[in-house]
2 protein chains.
Amino acid sequence: MNKKQLLEFVHQAEALCKQRKCRLTDQRKRVLELILSAEKPLTAYEILDQLRESVKNPAPPTVYRALEFLLQHGLIHKLESIHAFIGCTHPDHKHTSQFLICNDCGDVNEIENKAIEKSLHSAEQAAGFKTSHPVIELLGTCSQCQLSNSH
Amino acid sequence: MNKKQLLEFVHQAEALCKQRKCRLTDQRKRVLELILSAEKPLTAYEILDQLRESVKNPAPPTVYRALEFLLQHGLIHKLESIHAFIGCTHPDHKHTSQFLICNDCGDVNEIENKAIEKSLHSAEQAAGFKTSHPVIELLGTCSQCQLSNSH
DNA sequence: AAACAAAATGTTATAATATTACATTTTATA
DNA sequence: TATAAAATGTAATATTATAACATTTTGTTT
Ligand SMILES: [Zn+2]
Ligand SMILES: [Zn+2]
Ligand SMILES: [Zn+2]
Ligand SMILES: [Zn+2]
């Protein structure tokens, strides 16, 4: 994400928080910016390292608290299979999504596939199960890396 | 899983390993038994604790190595979202599966839903993505707990 | 059977991820 | 301004996972 997109995105986050009467404090904003600026998903401790440049003595709770807030408000997602965090591409509306995670380049593609969601919902219904948090992460190789690998 | 089922299951695992020319050693078998005997998914360190009864000074690598073997041969599954392991309900054939994980009682239901798999496959195709390891875990409330909770 | 190589296990240490507990500061609002 | 709630600071610790190297066991060749 480039500088302009970043500013725009953070602006949107600020607007959302104002609307929801929650506070996107400097620290939370800083963590969000770090995540959005990164090419790849960041782990909590990678964020912690990068925070040292803008915060004096950041400790794990500093990061984990900010992450918790950002997760709660749908501004970021946690990728359970790789213990890392990425920005949400459309935080304005509630949604479930699926993630295509490339093992080769680390890139992640967040998709919102209605057919997948429908099939999951059917299975839930059949089992009488009420899902509160779906974890749908496909680990594999992205199209770019498939090309590179075959050369 | 009761004692009889356990024996049967372990017997099947032994047969599979023999067929595949890999060794289900005593330790590996012990770890498998612990996982199969448990009511709920076990974490690596829960297994480690329980191993103390049959092994003298078990250390983390003892458990993680056994888990790695059992995972490789499809005898168990790892639940990424809760860092825990469960026995596979049908290790005889290669498969991808989905897990319904109850946050209330901890129970896990492994399903193999073709509609879900088909929808995932379509999405992968559309993105040109080649999945090697799908992580499909639905966290929520099982039907039993929904009933209990509403009382 | 003896020699050898490969596989499995033992052992110690450490890395990586995440939370608890309690003190202090900042912010909102009465 | 007083108060309570929210956010942050700080130190310690818990939990999950791996690295590195020594030793033992197993399977295979001679
Ligand atoms: Zn999203
Ligand atoms: Zn890639
Ligand atoms: Zn299975
Ligand atoms: Zn339940």
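Order of the sequence lines fixes the chain letters, A, B, ..., with proteins taken first and strands second; residue numbering starts at 1 for each chain. Model, not experiment: these values are computed from the prediction. The basis for the numbers below is simple: all heavy atoms, side chains too, and nothing from hydrogens, waters or symmetry mates.
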For this session: Answer with yes or no after comparing the ring centroid distance for His77(A) and Phe85(A) against a 6.0 Å cut-off, counting only values under it.
Result: no
For this session: Please confirm whether the backbone N or O of Arg23(A) pairs with a side-chain atom of Arg28(A), one donor and one acceptor, at under 3.5 Å?
Result: yes
Exercise. Given the rule in the salt bridge (charged side-chain N to carboxylate O under 4.0 Å, His left out) test, do Glu68(B) and Arg65(B) qualify, once you have shown the distances and angles that lead to the verdict?
Worked result: CA-CA 5 Å; Glu68(B) 187 185 16; Arg65(B) 284 167 181 157; over 6 Å; no
Exercise. Is there a donor-acceptor pair closer than 3.5 Å between any side-chain N or O of His73(A) and the backbone N or O of Phe69(A)?
Worked result: yes
For this session: Give a yes or no on this: more than 12 heavy atoms of other residues, nucleotides or ligands lie within 6.0 Å of atom NZ of Lys118(B).
Result: no
Problem set entry | CA sep, side-chain torsions, deciding dist, call: Glu110(B), Ser97(B), side chain to side chain donor-acceptor pair (under 3.5 Å) | CA-CA 7 Å; Glu110(B) 176 179 1; Ser97(B) 42; 2.8 Å; yes
Exercise. Closer to the 5' end of DNA chain C via nearest nucleotide, is it His83(B) or Pro61(B)?
Worked result: Pro61(B)
Exercise. Can Tyr45(B) be called stacked on dT16(D) when the rule is centres closer than 5.5 Å and an angle between planes below 30°?
Worked result: yes
Exercise. Ignoring hydrogens and geometry, is there a side-chain-to-backbone donor-acceptor pair from Glu137(B) to Ser81(B) under 3.5 Å?
Worked result: yes
Exercise. With under 30° as parallel and over 60° as perpendicular, where do the rings of His95(A) and His90(A) fit, or are they tilted in between?
Worked result: perpendicular
Exercise. With a 4.0 Å cut-off on heavy atoms, is Lys21(A) in touch with a base, just the backbone sugar-phosphate, or nothing at all?
Worked result: nothing
For this session: Using atom CZ of Phe69(B) as one end and atom C1' of dT26(D) as the other, report the distance to the nearest whole Å.
Result: 14 Å
For this session: Rounded off to whole Å, could you give me the CG-to-C1' distance for the Leu48(B) and dT18(D) pair?
Result: 14 Å
For this session: Among Leu51(A), Leu48(A), Asp49(A), find the residue that satisfies the side chain to side chain contact (heavy atoms under 4.5 Å, CB included) test when tested with Leu34(A).
Result: Leu51(A)
For this session: Return the nearest nucleotide to the side chain of Arg65(A); candidates are dT8(D), dA17(D), dA20(D).
Result: dT8(D)
Exercise. Residues from residues 27-42 of chain A sitting under 4.0 Å of DNA chain D, heavy atoms only?
Worked result: Gln27(A), Arg28(A)
Exercise. Quick one: Leu67(B) CG to dA17(D) C1', roughly how many Å, whole number?
Worked result: 11 Å
For this session: Could you tell me from which nucleotide to which nucleotide of DNA chain C, 5' to 3', there is an atom under 4.0 Å from chain B heavy atoms?
Result: dA8(C) to dT12(C)
For this session: Determine yes or no for a side-chain-to-main-chain donor-acceptor pair under 3.5 angstrom, with Thr62(B) supplying the side chain and Pro58(B) the backbone.
Result: no
Problem set entry | Side-chain donor/acceptor contact of Arg23(B) with base of dG27(D) under 3.5 Å | no
Problem set entry | Within residues 50-59 of chain A: residues closer than 4.0 Å to DNA chain C (heavy atoms) | none
Problem set entry | Gln146(A) side-chain N/O to Thr141(A) backbone N/O, donor-acceptor pair under 3.5 Å | yes
Exercise. Just how far, in rounded Å, is P of dT16(D) from NZ of Lys78(B)?
Worked result: 10 Å
